[in-house]
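Presented below is the structure to which this report refers.
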Amino acid sequence: MESLPTTSKPERRPRSKPLHASKPSILLAFLSCLAWLYVAGRLWQDAENRKLLSTLLQKNASQRPVILSVEDKLQVLGCKDLERRIVEVEMDLTLAKSQGYLKNQLRQSGSSSNPGRKLLAVIGVYTGFGSRLRRNVFRGSWMPKGDALKKLEERGVIIRFVIGRSANRGDSLDRNIDKENHSTKDFLILEGHEEADEELPKKAKFFFSTAVQNWDAEFYVKVDDHIDLDLEGLIGLLEHRRGQDGTYVGCMKSGDVIAEEGKQWYEPEWWKFGDEKSYFRHASGALIILSKNLAQYININSASLKTYAHDDISVGSWMIGLQATHIDDNRLCCSSIRQDKVCSVV
């Protein structure tokens, strides 16, 4: 049998890629290598720079001058010990003041001629810039003047009109008071107090503090300028209570707290007096008597003592937290009819 001829497909040989097709790859690889070398070089250079900078900083730190603190400067100047001594002296002064050993020399004229003898009382009569006529009436009635005032001081009783300074320091109001005081020598001028109706509660702090610093007395008496005083009757009352510490004497009263703004005697902090809205027992503001230790307490703690809308309420609030003896003396309840009273309303 004849075999049929067979045909076979020729083998395909793989074709090699042309040379020009691999050139972009080679170029890309070359550029990548350059970029890597650049980044590595920058990193190495930055590391060297940081090392060099650190070395320079350490070298300069050992050579630069030492920066002194405030404490070091005070120590070098010798002020540190001085500062400590000032603090110690202030503490000693506070202790001396609390024990009654500190006495300031009076800047006001008319101080007691016997500074070593304890006085019976310092009576401060509140007054204002527009009350000169009323002061003259007092000087012509119950309040001595001139030589009679000096003789009263020899008996141990000091009387002064109490007034602060004008809001515009040194104006005509202040100058008129200074001129009047130069003539009469019967003022206690509260240099740190501004004389104004709204500042009246603070005036009590200034008065008792200034009086107890300037005079050593058994009692310190605050009197309003709208009452007529039986001076001898008041002196007798005080003589009877001489030596009684912690005494808070006056016409003791209480009353409703006025919470409605705009009404007379309005108390802005009415909510502090409880749901019943009633004041605690306190001496009427017309005439308040404090023994020396109570006046000293006000002097020492004046910066932290709270004041309310009225001066008598303020003083009463200060007495509540103390071992003070509240003495209700009916003779100190001033009214239009004297009837065995020490005072009467003018």
Side-chain angles (χ1 to χ4, degrees), residues 102-115 117 119-217 219-229 231 234-235 285-288 290 295 298-299 302 311 343 346:
L102 183 63
K103 298 177 185 177
N104 291 345
Q105 185 177 1
L106 275 176
R107 292 194 300 179
Q108 289 79 15
S109 58
S111 60
S112 175
S113 57
N114 298 304
R117 182 172 63 89
L119 302 169
L120 174 63
V122 176
I123 302 173
V125 182
Y126 277 22
T127 189
F129 292 116
S131 301
R132 180 163 187 169
L133 180 60
R134 185 172 294 178
R135 290 193 294 270
N136 289 334
V137 171
F138 285 174
R139 293 187 184 109
S141 58
W142 64 266
M143 181 175 175
K145 58 181 179 179
D147 293 338
L149 186 63
K150 293 181 180 179
K151 289 182 179 180
L152 183 65
E153 293 177 4
E154 293 175 358
R155 293 177 57 190
V157 178
I158 303 291
I159 302 179
R160 293 291 184 270
F161 287 112
V162 182
I163 193 169
R165 286 299 190 183
S166 169
N168 303 314
R169 295 299 178 94
D171 61 6
S172 60
L173 297 176
D174 283 345
R175 292 195 300 270
N176 290 337
I177 291 297
D178 290 336
K179 183 178 179 181
E180 184 179 350
N181 184 40
H182 181 75
S183 174
T184 60
K185 296 179 175 57
D186 56 4
F187 277 88
L188 173 61
I189 300 176
L190 308 176
E191 297 291 346
H193 174 65
E194 179 181 323
E195 189 67 33
D197 291 340
E198 61 272 15
E199 299 294 328
L200 188 60
K202 296 179 182 178
K203 190 172 182 177
K205 289 200 295 185
F206 280 96
F207 164 62
F208 286 113
S209 296
T210 306
V212 79
Q213 290 181 54
N214 290 343
W215 292 284
D216 179 20
F219 300 100
Y220 299 85
V221 185
K222 175 257 177 179
V223 179
D224 277 346
D225 66 348
H226 66 271
I227 65 173
D228 188 15
L229 196 62
L231 184 58
L234 178 62
I235 291 174
L287 203 158
I288 300 174
L290 297 181
I298 296 174
N299 177 36
S302 60
D311 62 340
C343 58
V346 178

> Atom CG of Leu200 and atom CD of Glu198: how far apart are they, to the nearest 0.5 Å?
Replying inline: 10.0 Å
>> Could you measure the distance from the CG atom of Leu173 to the CD1 atom of Ile163? Nearest 0.5 Å is fine.
In response: 8.5 Å
> Taking C-beta and beyond as the side chain, do Arg135 and Arg139 meet within less than 4.5 Å on heavy atoms?
Replying inline: yes
> Is any side-chain N of the basic residue among Arg160 and Glu153 closer than 4.0 Å to the acidic one's carboxylate O?
Replying inline: yes
>> Testing the basics here: between Leu231 and Pro144, what is the closest heavy-atom pair and its distance to 0.1 Å?
In response: CD2-CD, 4.0 Å
> Does a side-chain heavy-atom distance below 4.5 Å link Leu188 with Ile158?
Replying inline: no
> Quick one: does Gln213's side chain get under 4.5 Å of Asn299's, heavy atoms only?
Replying inline: yes
> Of the non-hydrogen atoms in Tyr220 and Ala295, which two are nearest, and what is the gap between them?
Replying inline: CD1-CB, 3.8 Å
>> Show the nearest heavy-atom pair for residues Lys205 and Ser302, with the distance to one decimal.
In response: NZ-O, 2.8 Å
>> Counting C-beta onward and ignoring hydrogens, is there a side-chain heavy-atom pair between Trp142 and Ile159 closer than 4.5 Å?
In response: yes
> Taking the side chain as C-beta and beyond, is there a heavy-atom pair between Asp174 and Ile189 under 4.5 Å?
Replying inline: no
> Sequence neighbours excluded, which residues qualify as side-chain hydrogen bond (donor to acceptor under 3.5 Å, both in side chains) partners of Thr184?
Replying inline: Asp186
> If you measure from NZ on Lys145 to CG on Leu152, what distance do you get to the nearest 0.5 Å?
Replying inline: 15.0 Å
> Relative to the ring of Phe161, is the ring of Phe138 parallel (under 30°), tilted (30 to 60°) or perpendicular (over 60°)?
Replying inline: parallel
> Can you tell me how far the CD1 atom of Ile227 sits from the SG atom of Cys343, to the nearest 0.5 Å?
Replying inline: 4.5 Å
> Atom CD in Glu180, atom CG in Asn136: separation rounded to 0.5 Å?
Replying inline: 6.5 Å
> Say you draw a straight line from NE2 of His193 to CD of Glu199; how long is it, rounded to the nearest 0.5 Å?
Replying inline: 6.5 Å
> What are the two closest heavy atoms between Ser131 and Asp225, and how far apart are they?
Replying inline: OG-OD2, 3.8 Å
>> Within the 4.5 Å heavy-atom criterion, are Ile298 and Leu290 side-chain neighbours or not?
In response: yes
> How far apart are the C-alpha atoms of Lys203 and Val162, what are their side-chain angles, what is the distance that settles it, and do they pass the side-chain contact (heavy atoms from CB on, under 4.5 Å) test?
Replying inline: CA-CA 9 Å; Lys203 190 172 182 177; Val162 182; 4.0 Å; yes
> Taking the side chain as C-beta and beyond, is there a heavy-atom pair between Leu229 and Val125 under 4.5 Å?
Replying inline: no
> Looking at side-chain heavy atoms only, is the closest gap between Leu120 and Arg155 below 4.5 Å?
Replying inline: no
>> If you apply the rule side-chain contact (heavy atoms from CB on, under 4.5 Å), what do you find for Phe219 with Leu119, and how did you get there?
In response: CA-CA 8 Å; Phe219 300 100; Leu119 302 169; over 6 Å; no
> What are the two closest heavy atoms between Asp228 and Ser141, and how far apart are they?
Replying inline: OD1-OG, 4.5 Å
>> Does Lys222 qualify as a cation-pi partner of Phe207, given the criterion of NZ or CZ under 6.0 Å from the six-membered ring centre and within 45 degrees of its axis?
In response: no
> Of the non-hydrogen atoms in Glu195 and Gly164, which two are nearest, and what is the gap between them?
Replying inline: OE1-N, 2.7 Å
